[in-house]
Amino acid sequence: MLLLTLLSCTKDDGFLAFPADFRFGTATAGFQVEAGCDGCDDPNSDWYQWVTDPDIVSDGTTFNSGDSLDLGPAHYDLYEEDFARAAEMGDLFRFSFEWSRLFPDGEAEQATSVEELAQYVDADGLAYYHDYLAAMKGAGIEPVATVNHYTLPLWVHDGKECREGDGVCVASGWLDEDRIIPLITLFSQYLAREFGGDISMWLTLNEPLAVIVSGYLFPSADRTNPPGLQKPELAMDVAWNMARAHAQMAEAIRAEDADAEVGIVVNLGVAYPESQEVDDIRAAEHLDYVYNEAILEMFLNGNFDSDLDGIVDETDPSVAGKTDWLGLNYYFAFEVAGFPRPIFSDYEYLDFFPKTLDSDVVYLGQAIDMTAEWGLPIWITENGVANPGPDDGTGYVEPALRTVRAKAEEHDVRGYMFWSLIDNYEWNHGMGMTFGLYEVDVETKERTLRATGETYKQIIADHGFVETPEG
Ligand code: BGC
């Protein structure tokens, strides 16, 4: 601590220190890291179905890589050694629970209280998560727990049936508010009761926009989530259901776990027009509204603009004030082109097309500024670089962290978690997109530290930057 205090004081000598209590770590998600070893697959989730079902995989409009889950990094078996690696990259580790590992079949739906739900838990799944959290603690790292990072149990969401039924299906996941909101709220309460002793930093949902946009609005080669439909009216239902679920989940967690701090992960869309043409300028403003203001108004304040025309149509006062902190995931900004008319005539502001993705760190700074406008403490819950090129990503991580450090002087930015510790199964891209500080050999599962990892470690050890950048 004394060393940190001294470092913070050396700014005048050219040393740029992070705030003394600023924390670092790495981020992962269950489905993306677990598979790749014998008996490690979890066949009971919608994402397992989405990347293994031959009909779904061979359907070109799901943009599925078809990569076998056997190529995954096998963290399910190798978590202890991974935690030793994570402990060299700060003292936070973000992971997510897989609902279907704890409640693999629909029997759990009979439960009406957390006590009843406990009777249906899968004993192996339960033991696994207790061991997992104990190992994390043993390695000296603190968990940051995401309750739901996209995956739903098949009994809650059958993405194939919903796709084939064009949104009409029995297990319709986020479309069925009467089912999913109480189910995921009870599940959250269960997690907080069972694991609250080991966890104080909680996140309800990861990037609702990814579920809404890639699942129900514009599935694309960049990302497609089950059920991969293009139905704005369903997308809006899903958004509103997720917003109300988030608030109830947060409340349920806090009720069980007295020291819980509950946040949500957002990926705000920094947008700029492709040209100075009127249509492009308007489109960038509309993307900004839809991806940022409309979403955060929904999730933080319970204000719902159901037809995306800039006017709130419905308010649920029980949503407001339920969020303790914001997790920001940042990867890129959008260069936006405009359409002369809305793509869907009933949704006036859906007249934009994110043409190019730009990962310049200047937009990371803007994303932090935008997040700060909502007045909550900020943690960067994901940031990283895909497919690091010849410089191995070192050219990204340092400028990114310089930006974060500068922003931590202006706003309440408390920590940074790099995505990701290890290469992982990148949703519809499979192992074809790599983000790890450690490269993973898909056959042997051997992990090799990348230069990015060395750089990140050094920045953490220095708690800042020894030299100011040139120029
Ligand atoms: C998600 C991660 C994903 C990362 C890189 C975020 O959208 O939370 O699961 O791997 O971006 O694409």
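We count ligands from 1, going down the list as the structure has it; atoms in each ligand are counted the same way.
At a cut-off of 3.5 Å, with distance as the only test, a side-chain donor of Asn206 or Asn329 sits close to an acceptor on the other residue.
Annotation: cation-pi geometry not satisfied between Arg450 and Tyr438 (NZ/CZ under 6.0 angstrom from ring centroid, within 45° of ring axis). Cation-pi check for Arg402 over Phe465 is met; the charged atom lies under 6.0 angstrom from the ring centroid and within 45 degrees of its normal.
A heavy-atom cutoff of 4.0 Å around ligand 1 is satisfied by the protein residues Gln32, His149, Tyr150, Asn206, Glu207, Arg223, Asn329, Tyr331, Glu382, Trp419, Glu426, Trp427, Phe435.
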**Worked check of side chain to side chain donor-acceptor pair (under 3.5 Å) between Asp358 and Tyr272** = CA-CA 10 Å; Asp358 185 339; Tyr272 56 93; 3.0 Å; yes

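Here Tyr330 and Phe332 keep their ring centres 6.0 angstrom or further from each other.
Taking the salt bridge (Lys or Arg N to Asp or Glu O under 4.0 Å) definition, one finds that Glu34 meets it with Arg101, sequence neighbours left out.
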